[in-house]
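First comes the structure, then the notes that go with it.
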Amino acid sequence: MYTIAKVIVDVPSRETDRPFDYLIPESMRDWIEVGSRVAVPFGRRTVQGFVISLEHESSLDRSRMKKIQELLDHLPPLPPDLVELAEWMSREYACSTISSLQAMIPSALKGKAERYISYAEPDERPEGESEGSVEDGTGTEGLFSLSLLQPAEESEIIEYVKAAGPVTFTHLDARYPGRGAMIKGLMKRGVLTESQAIKDKLRIKTVKTVSAAVAGEEAEEALASFTAQARRQREVLAFLLEVQIPIGMQELLTTLGVTAGTVKKLAEKGFAVIEDVEVFRDPYKDRRFKPTAPLTLTPEQQVAFDHIAGRLDSHEHGVFLLHGVTGSGKTEVYLQAIQRCISEGRQAIVLVPEISLTPQMVERFKGRFGDKVAVLHSRLSGGERYDEWRKIREGKVEVAVGARSAVFAPFPNLGLIVMDEEHETSYKQEETPKYHARNVSVRRAAQHDAVVILGSATPSLESYHAARSQASDDFAPVLLEMKMRPAGSELPVVRIVDMREELKDGNRSMFSRDLHQGIVARMERGEQTVLFLNRRGFSTFVMCRTCGYVAGCPECDISLTYHQKSNNLRCHYCGYSEPAPSVCPECGSEHIRYFGTGTQRVEGELAKLFPGIRVIRMDVDTTVEKGSHEKLLNAFREKKADVLLGTQMVAKGLDFPDVTLVGVIAADSSLNFPDFRAAEKTFQLLTQVAGRAGRHHLPGEVFVQSYTPDHYSIIHASRHDYLSFVRDELKHRRTLGYPPYCRLILVTMTHENLQILVRMAENFVSDLRGKAQQKGWFGGLDRFTSDAFDILGPIASPIPRIKNRYRFQCMVKYRGAMDAVQLVRDVSNLTLEHLKDASLQISIDVDPQMLM
DNA sequence: ACCCTGTGGGGA
DNA sequence: CCCCACAGGGTC
């Protein structure tokens with residue numbers, strides 16, 4: 001029997017990022033497990049914590065240990081394998097253990113301490129005070145005379161707290177307004193004491209149900225016993241006897257048209273019972289999903305499936321990279337693999353990028369596996385999310401479909417993790433813990449001897465390189481290729497339009513002549529066009545055309561974003577906002593204009609050039625409301641518009657039969673992004689959009705407009721040639737020393753004082769360099785034949801100031817099995833300890849996706 | 001993070 | 001001489 005628990009407390013600081021030992025009270029010993037959530041006294045507060053191990057002995061004296069105050073759940077929210085995974089994650093991504101643990105449970109279970117006031121029996125008080133004692137006038141003199149004048153009210157408060165048990169201060173204050181001082185006095189004297197307890201943000205939802213409490217002859221007698229006046233009660237009982245099973249109170253009231261009082265009376269007479277029953281808030285409760293049966297696999301699909309099924313059957317860990325062109329039927333392979341997995345008694349997780357977690361996507365999984373599926377995504381309310389998670393934890397479902405964090409779905413017997421569109425950057429969390437769901441998937445699957453399927457039409461270079469070289473330290477996926485679309489649909493012809501030629505010929509519009517004619521032709525034929533603007537990120541900024549003034553945030557070095565709806569300017573980073581100016585604040589000129597994401601500008605241009613054209617615009621501005629995404633797409637499907645114009649959102653997974661033209665307005669805009677993955681992102685985007693055209697009987701056409709039409713990413717995307725792209729891109733990465741030929745750690749340091757920051761950043765880099773040299777790690781990255789370690793920087797971050805804090809960064813590049821993350825973390829801790837300046841912050845991003 | 005303790009400067 | 005501000009350190 002374990003008597004000591006090691007607990008990670010929910011106190012986010014470097015100093016408290018270690019286990020603390022607590023005694024387990026006798027009454028909890030049968031219940032506490034690794035993964036249990038507990039309330040513990042910490043300092044003079046009560047905080048939430050997680051048990052990470054159970055012990056018989058501690059290095060600490062028992063007298064110095066405190067007792068666990070409360071066990072917060074009967075079923076631990078985390079199974080032991082997730083606790084182990086959290087510890088791994090904290091090492092891998094240089095973050096605190098509590099942040100990893102917290103990432104694995106729904107936020108509903110992030111309890112906070114509440115303060116309570118309760119009555120203390122005289123013998124529990126420190127100095128044996130008595131209720132009426134007012135004789136010693138120490139301290140608060142005026143207040144005591146008050147209590148002398150109104151002893152009745154004072155004793156009333158005492159009696160109330162005695163009877164009601166622990167109450168919150170807010171509650172007591174509301175009941176006895178203006179008696180704060182009196183309560184304070186009672187607490188000072190020890191008559192009332194304060195305690196703390198952890199309170200969850202959300203409760204398990206219950207509904208009242210009613211069922212008959214009598215049967216057979218007893219029921220007959222009961223029915224006969226009602227007076228004429230109580231005929232409503234009689235009706236209710238008759239109904240309950242007829243349905244036999246418990247019925248929801250609400251449903252009962254509406255079907256019979258009676259009030260709750262009637263039912264209550266019936267229950268008081270003992271003829272019926274009212275019970276609280278736990279329910280799951282189901283976000284899909286009103287939806288019916290059409291069941292689907294497994295399709296016959298094409299030969300390519302069959303080969304892929306057989307590989308996966310073989311590994312599933314043998315319960316061996318394995319990673320597969322399923323590279324299939326758009327429309328090759330990857331999803332059907334996933335579905336059948338999941339079927340195989342659950343039929344063998346194990347569970348499956350499906351990860352999809354947040355943006356493609358659309359109702360259509362959910363439908364495919366619900367259609368095949370029905371109510372065995374739980375769905376987790378960011379648009380669920382806290383309660384819905386909590387309930388979907390509970391279905392998983394309590395073993396009520398076998399499949400979890402969700403975004404990044406669904407990789408932590410607490411299944412007991414995990415057999416398969418599917419990661420669709422594995423190249424998507426949204427699998428990397430940008431906030432702490434900055435984990436990549438791909439790496440976490442592989443680790444988690446290894447714990448369970450489970451299989452991982454990474455699927456994509458354009459796999460990330462990291463995954464593809466690892467599969468081909470079979471040499472990676474982390475994982476070496478088995479490559480499965482699917483090159484064919486099912487019969488009847490062909491990949492569309494993609495034409496690159498050289499925009500420099502257009503300009504030379506005097507066409508200054510944003511549409512080339514070819515694209516212009518294409519749109520006109522679609523309008524005439526009643527077919528549809530998708531226009532894609534691949535500008536990454538933000539945004540509409542405001543610039544004066546007379547003096548060149550750009551509206552910027554006063555606290556961050558970044559331009560403000562224009563929001564049309566509220567007609568104001570907002571800062572993306574700190575939330576600062578101000579009304580949009582009508583004249584330039586610098587020079588007073590009226591030529592101050594909004595330079596759009598592009599989509600608004602393109603929309604304006606379309607209206608000018610194509611009279612009568614109907615356009616649906618889809619971007620961050622038009623899709624803020626819940627469900628607006630779907631609404632816009634449905635309108636387009638119903639052919640209420642000729643053109644769907646949008647950003648990345650239109651690139652993914654859409655499938656409209658009458659779309660025969662896709663236009664990419666400016667392929668270069670993502671190419672010129674200052675990021676070593678710019679070419680890869682461009683290739684992926686172009687391949688995705690091109691896949692939107694001609695998916696059905698009508699042949700499709702794609703125009704890609706570019707000012708750099710010779711770039712390999714554009715040329716290879718136009719030919720649907722992933723392999724050639726990979727060959728060229730890998731050559732570049734190798735020359736420049738970037739992933740997949742090395743790994744990166746981005747260290748960002750911030751401070752409100754620029755001079756101190758620069759000095760600290762320089763110290764940090766030279767410290768790190770020195771320590772790495774001592775370990776003999778240092779070596780050029782240029783030869784790529786052996787282990788290597790290099791540091792770039794420090795330099796100012798791309799956004800040099802946010803919220804009045806300056807930002808500097810450095811980049812660590814390394815290759816080999818050395819623990820570079822640990823060293824960076826150690827040096828970072830040393831820097832922080834040495835400086836003793838709480839204002840310095842250091843953020844460590846392992847395998848960064850955004851180099852910002 | 002939060003809260004306690006100790007030191008030191010400034011005001012009466 | 002006292003009070004408040006801020007720095008420093010510990011939390012099982």
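Throughout, a chain's letter reflects where its sequence line sits, starting with A, and its residues are numbered from 1. Below, all heavy atoms of this structure are taken into account, side chains as well, without hydrogens, waters or symmetry copies.
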Just checking, is any N or O donor in the side chain of [X] or [Y] under 3.5 Å from an acceptor N or O on the other one?
X: A:Ser405; Y: A:Arg385; answer: yes
X: A:Thr168; Y: A:Glu114; answer: no
X: A:Gln841; Y: A:Ser843; answer: no
X: A:Asn413; Y: A:His448; answer: no
X: A:Glu833; Y: A:Asn829; answer: no

Grab the [atom1]-[atom2] distance between [X] and [N] for me, whole Å please.
X: A:Gln69; N: C:dC12; atom1: CD; atom2: C1'; answer: 14 Å
X: A:Ile24; N: C:dC12; atom1: CD1; atom2: P; answer: 16 Å
X: A:Lys66; N: C:dG10; atom1: NZ; atom2: P; answer: 15 Å
X: A:Leu832; N: C:dG9; atom1: CG; atom2: P; answer: 15 Å
X: A:Asp61; N: C:dT11; atom1: CG; atom2: C1'; answer: 17 Å
X: A:Ile98; N: C:dT11; atom1: CD1; atom2: C1'; answer: 15 Å
X: A:Asp21; N: C:dC12; atom1: CG; atom2: P; answer: 11 Å
X: A:Leu60; N: C:dT11; atom1: CG; atom2: P; answer: 9 Å

Any idea which heavy atoms bring A:Asp21 and A:Met65 closest together, and the distance?
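Looking at all heavy atoms of both residues, the shortest contact is O-CG, 3.6 Å.
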
Measuring from the side chain of A:Arg45 (C-beta onward, heavy atoms only), which nucleotide among B:dA1, C:dC12, B:dC4 has the closest atom?
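That would be B:dA1.
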
With a 3.5 Å distance limit and no angle check, can you tell me whether A:Tyr93 reaches the backbone of A:Val821 through a side-chain donor-acceptor pair?
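No, the answer is negative, given that no donor and acceptor are paired below the 3.5 Å cut-off.
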
Under 6.0 Å between ring centres, would you say that holds for A:Tyr435 and A:Phe408?
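Yes; A:Phe408 has its ring centre under 6.0 Å from that of A:Tyr435.
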
Residues in contact with DNA chain C, drawn from residues 7-19 of chain A - heavy-atom cutoff 4.0 Å:
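Close to the strand are A:Glu15, A:Thr16, A:Arg18.
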
Mind checking if A:Tyr22 touches a base, just sugar-phosphate, or nothing, with heavy atoms under 4.0 Å?
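Sugar-phosphate, backbone atoms only, no base.
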
Is the charged tip of A:Arg29 near the ring of A:Tyr2: under 6.0 Å from the six-membered ring centre and within 45° of its axis?
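A:Arg29 over A:Tyr2 ring: no.
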
Nucleic acid contacts - residues 46-56 of chain A versus DNA chain B, non-hydrogen atoms under 4.0 Å
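Within residues 46-56 of chain A, no residue comes under 4.0 Å of DNA chain B.
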
